[in-house]
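Just so it is clear, the values below take in all heavy atoms, side chains as well, and ignore hydrogens, waters and symmetry mates. The shown structure was predicted, so the numbers you read here are calculated from the model rather than taken from an experiment.
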Amino acid sequence: MKKKTMMTMLMLALLGMTACTTEEPTPIIQEDPYSPVLPVGDFKMWPTPTIDDSNLTGEGYNYDYWKEHKDEAKTGDELHAMCNVPEDLLKNMSTPNLAWTCFNHPYNGDWFAFNSAYDGILSVMTRSNGYEELMKRKSGAEATIDLYTQLGYGQEGKTTVNESSMIAWTLVLCTAADYRAFDQTQIARLAEDVLYKDHLALVTSSSNLYLSHKSYCLLGAFMAYHYDDTLPEEQRVLLGNFIKNLSMTYYIDDDNLTRSYTIIKNSLERLAAGTAQV
């Protein structure tokens, strides 16, 4: 009887181990006890997309209501609510136009007011019906990358945007990478663009782009952590700490930044080439 009990316990333990290995990876920021709890209810960051958007062609939104009524708001929540897209417009909007609408959200720049840049962009996204819709659409992740690759700082063929807007959209992509919303083809494409953008940020003489460089490092770290299967465990642990430190303070000393950036750059090159899987 005792032997059968031990065998049963062993089988249960093995089943428990198997269950753990088949679960979807937990977003790294949400493993951090100091990270805020996301809003309760049915709101989910980057859930499995269910909305077929293949035939949607509607125009985007320019936040007219917010522009006309923002002086009437008494709280921050009221201001954010004024930025919600009218439902009839939202449900018919094309996904590229929806991504552009989210990019132009009036409070995307609030990330700068938080101790954690990542928490700052979560605060915006989780209070916006535009972002919620984008994350549920089947081409939402692709449209997010499409827009990102079109953005630049004056390069030919790119849409010129300011530094704060570029960083905010980079942080949006960080959330998608953290919640593993991308497939390997999308990651390869994104890795190539992040390497390109970061190269420009590093070679420019503008000190303003140094923050952009850190945002590219953060995005690259999320991508390496979640998608590079060839990353040694020691480097993966280092990147996990790097992500939490940089996300929480948006500052990290130059020695650690340089050491982590070497790992991130090498990983992005593997991801771009499609050689980051075992």
Fill in: Least distance between heavy atoms, Glu142 atom then Gln186 atom
OE1-NE2, 2.8 Å
Response to the item:
Hits for salt bridge (Lys or Arg N to Asp or Glu O under 4.0 Å) against Glu269, two or more places apart or cross-chain, chain-then-number order -> Lys265
Worksheet entry | side chain to side chain contact (heavy atoms under 4.5 Å, CB included) between Leu238 and Arg259, intermediate numbers included | CA-CA 10 Å; Leu238 186 149; Arg259 186 160 58 98; 2.8 Å; yes
Discussion item. Whether Asp146 and Arg189 form a salt bridge (side-chain N of Lys/Arg under 4.0 Å from carboxylate O of Asp/Glu) is what I want to check.
Written reply: yes
Discussion item. Using 30° and 60° as the class boundaries, would you call the ring planes of Trp169 and Phe103 parallel, tilted or perpendicular?
Written reply: perpendicular
Practice prompt. Locate the shortest heavy-atom distance separating Ser267 from Asp228; write the atom from each residue and the value.
Written response: OG-OD2, 2.7 Å
Discussion item. Under 4.5 Å between side-chain heavy atoms, counting indirect links through other Ile/Leu/Val/Met/Phe/Trp/Tyr residues: same cluster for Val237 and Ile263 or not?
Written reply: no
Worksheet entry | Which atom of His213 lies closest to which atom of Asp198, heavy atoms considered | ND1-OD1, 2.6 Å
Worksheet item: How close do Trp66 and Leu79 get, heavy atom to heavy atom, and via which atoms?
Response: CD1-O, 3.8 Å
Worksheet item: Among side-chain atoms of Thr149 and Asp193, is any donor-acceptor pair under 3.5 angstrom?
Response: no
Item to complete: Please test Asp178 against Tyr225 for side chain to side chain contact (heavy atoms under 4.5 Å, CB included), starting from the C-alpha separation and ending with a verdict.
Response: CA-CA 9 Å; Asp178 196 20; Tyr225 184 90; 6.0 Å; no
Exercise answer: donor-acceptor pairs, residues 80-88 side-chain atoms, under 3.5 Å, sequence neighbours excluded:
unit_1 : atom_1 : unit_2 : atom_2 : d
His80  : NE2    : Arg127 : NH2    : 3.2
Asn84  : OD1    : Asn129 : N      : 3.0
Glu87  : OE2    : Asn129 : ND2    : 3.3

Worksheet entry | Between CG on residue Leu219 and CG on residue Leu268, distance to nearest 0.5 Å | 7.5 Å
Worksheet entry | Non-neighbouring partners of Arg137 that pass salt bridge (Lys or Arg N to Asp or Glu O under 4.0 Å), sequence neighbours left out | Glu133
Worksheet entry | Set of ring-ring contact (aromatic ring centres under 6.0 Å, His included) partners for Trp46, sequence neighbours left out | none
Discussion item. We want to know whether Ser54 and Asp52 form a side-chain donor-acceptor pair, criterion being a heavy-atom distance below 3.5 angstrom.
Written reply: yes
Worksheet item: Considering only heavy atoms from C-beta outward, does the side chain of Thr144 approach that of Leu134 to under 4.5 Å?
Response: yes
Item to complete: Show your working on salt bridge (Lys or Arg N to Asp or Glu O under 4.0 Å) between Arg270 and Asp229 and close with a plain yes or no.
Response: CA-CA 10 Å; Arg270 290 194 297 271; Asp229 293 340; over 6 Å; no
Discussion item. Please evaluate residues Val124 and Trp111 with respect to the criterion side chain to side chain contact (heavy atoms under 4.5 Å, CB included), reporting the C-alpha separation (whole Å), side-chain torsions for both, the decisive distance (0.1 Å), and the verdict.
Written reply: CA-CA 8 Å; Val124 177; Trp111 66 266; over 6 Å; no
Worksheet item: Who passes salt bridge (Lys or Arg N to Asp or Glu O under 4.0 Å) against Asp183, sequence neighbours left out?
Response: none
Fill in: side chain to side chain contact (heavy atoms under 4.5 Å, CB included) assessment of Phe242 paired with Cys217
CA-CA 10 Å; Phe242 171 86; Cys217 286; 4.0 Å; yes
Worksheet item: Considering only heavy atoms from C-beta outward, does the side chain of Asn62 approach that of Asn104 to under 4.5 Å?
Response: no
Worksheet item: How would you list, by chain and number, every residue that makes a ring-ring contact (aromatic ring centres under 6.0 Å, His included) with Tyr65, sequence neighbours excluded?
Response: His69
Discussion item. Can you confirm if the aromatic rings of Tyr63 and His105 lie within a centre distance of less than 6.0 Å?
Written reply: yes
Practice prompt. State, yes or no, whether a side-chain contact exists between Phe222 and Leu173 at a heavy-atom distance under 4.5 Å.
Written response: no
Worksheet item: Do Tyr131 and Met45 come within less than 4.5 Å of each other through their side chains, counting heavy atoms only?
Response: no
